[in-house]
Amino acid sequence: MPSTGGPPVPYLPPADVAEARRVQEELRSRVDLVGPGPAAPATVAGLDVAYAQDRDLLAAAVTVLDATTLDVVDEAVCVGRPAFPYVPGLFAFREMPALLAALDRLTTRPELLVCDGHGLAHPRRFGLACHLGLVTGLPTIGVGKTPLVGSWTGPGPERGDSADLCDEGEVVGRVLRTQDGVRPVFVSVGHRMGLDEAVERVLALTPRYRLPETTRTADRLCRRALADAGASGGDLGGR
DNA sequence: GCGACAG
DNA sequence: ATCTTGTCGC
């Protein structure tokens, strides 16, 4: 029986920065960094958030893709207010409430979540992808566009070339070239997934562009939702 | 003490 | 994240 990492973890909004760090320290041991995840997932979801700083608004989007065709088969958004200030390393507390609300609005249950941000590659080894994995119980992967922690050498210039991302003497992720000659992305395990497996999934999601199709579709959706929220009066909701 | 710092 | 023109290259 594949483990889901124990009993469900509720999402609890922290009162301040110190409490947020304590929550991460407490939950980090419950992450499953090995997996394996689904051998051949039928669906993969992408999550992303867009901000309108000046209006104190945010839109969280989830798109569910057919893992083979990469067509969008389901999607949901949630427009709301940032739930926490932006503090590097505590990023999850800002976006999670809206992301969870969007996930709740899906009509299907994706088999894998690809997050816009890191998982294990985090100062306390508990980035957004890990937290989202524990709370949803789903396998998750973190894909960051820029590093938060760690150092590396390489990777080679071609699609598929990669190098270990190391921090404090441990491998916390993989720096992966998803297209020939483009800047690499930073892949790390979120939950219920091994690193090699995560890298394979990301490559399967990047047949053409630097970023996974999941991230690209979710990005377009949350931007559109934010624009609509401004055009249609400004009331929240998500439909 | 000084800088760095996912989105 | 977001604010933004032009520019290099396929």
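Here is how names work: the chains are called A, B, and so on, in the same order as the sequence lines, proteins then strands, and each is numbered from 1.
- The distance between atom CD of A/Q179 and atom C1' of C/dC10, rounded to the nearest whole Å, is 14 Å.
- Nucleic acid contact for A/G89: base, since at least one base atom lies under 4.0 Å from a heavy atom of the residue.
- Remark: P of C/dT2 and OH of A/Y86 are 13 Å apart, rounded to the nearest angstrom.
- To the nearest angstrom, C1' of B/dA6 lies 15 Å from CG of A/D219.
- Ion pairing between A/D48 and A/R216 fails under the 4.0 Å rule for side-chain N and carboxylate O.
- No salt bridge links A/D228 with A/R224; every basic N to acidic carboxylate O contact stays at or beyond 4.0 Å.
- Phosphate proximity of B/dG7 to A/T146: present, with a side-chain N or O under 4.0 Å from OP1 or OP2.
- As judged by a 4.0 angstrom heavy-atom cut-off over every strand, A/L58 is placed among residues making no nucleic acid contact.
- Nucleic acid contact for A/P123: none, since no nucleic acid atom lies under 4.0 Å from a heavy atom of the residue.
- Atom CG of A/D48 is separated from atom C1' of C/dT2 by 13 Å (rounded to the nearest Å).
- Between the CG atom of A/D167 and the P atom of B/dC5 there is a distance of 13 Å, given to the nearest Å.
- In this structure, A/Y51 does not reach the B/dG7 phosphate: none of its side-chain N or O atoms is under 4.0 Å from OP1 or OP2.
- A/A50 comes within contact range of the sugar-phosphate backbone alone, with a heavy-atom separation under 4.0 Å but no base atom that close.
- A/K145 has a carboxylate O that lies under 4.0 Å from a charged side-chain N of A/D116, or vice versa, which qualifies the two as a salt bridge.
- In the set C/dA1, B/dA6, B/dG7, C/dA1 carries the atom at the smallest distance from any side-chain atom of A/Q53.
- The phosphate of C/dA1 (OP1 or OP2) has no side-chain N or O of A/R94 nearer than 4.0 angstrom.
- As a whole-Å value, the separation of A/L165 CG from B/dC5 C1' is 14 Å.
- A close approach under 4.0 Å does occur between a side-chain nitrogen or oxygen of A/K145 and OP1 or OP2 of B/dG7.
- The nucleotide whose nearest atom lies closest to any side-chain atom of A/D116 is, among C/dA1, B/dG7, B/dA6, B/dG7.
- Across the protein-nucleic acid pair, A/I141 atom CD1 and B/dA6 atom C1' stand 17 Å apart, rounded to whole Å.
- When each of A/E25, A/Q24, A/H118, A/E168 is paired with A/R125, the side-chain contact (heavy atoms from CB on, under 4.5 Å) condition holds for A/E168 and for no other.
- For A/D16, the side-chain hydrogen bond (donor to acceptor under 3.5 Å, both in side chains) criterion is met by no residue, not counting sequence neighbours.
- Residue contacts for A/D54: at a heavy-atom cut-off of 4.0 Å it reaches no nucleic acid atom on any strand shown.
- When heavy atoms are screened at a 4.0 angstrom cut-off, A/L90 is found touching base atoms of the nucleic acid.
- Taking atom CZ on A/F84 and atom P on B/dA6, their separation rounds to 16 Å, with Å as the unit.
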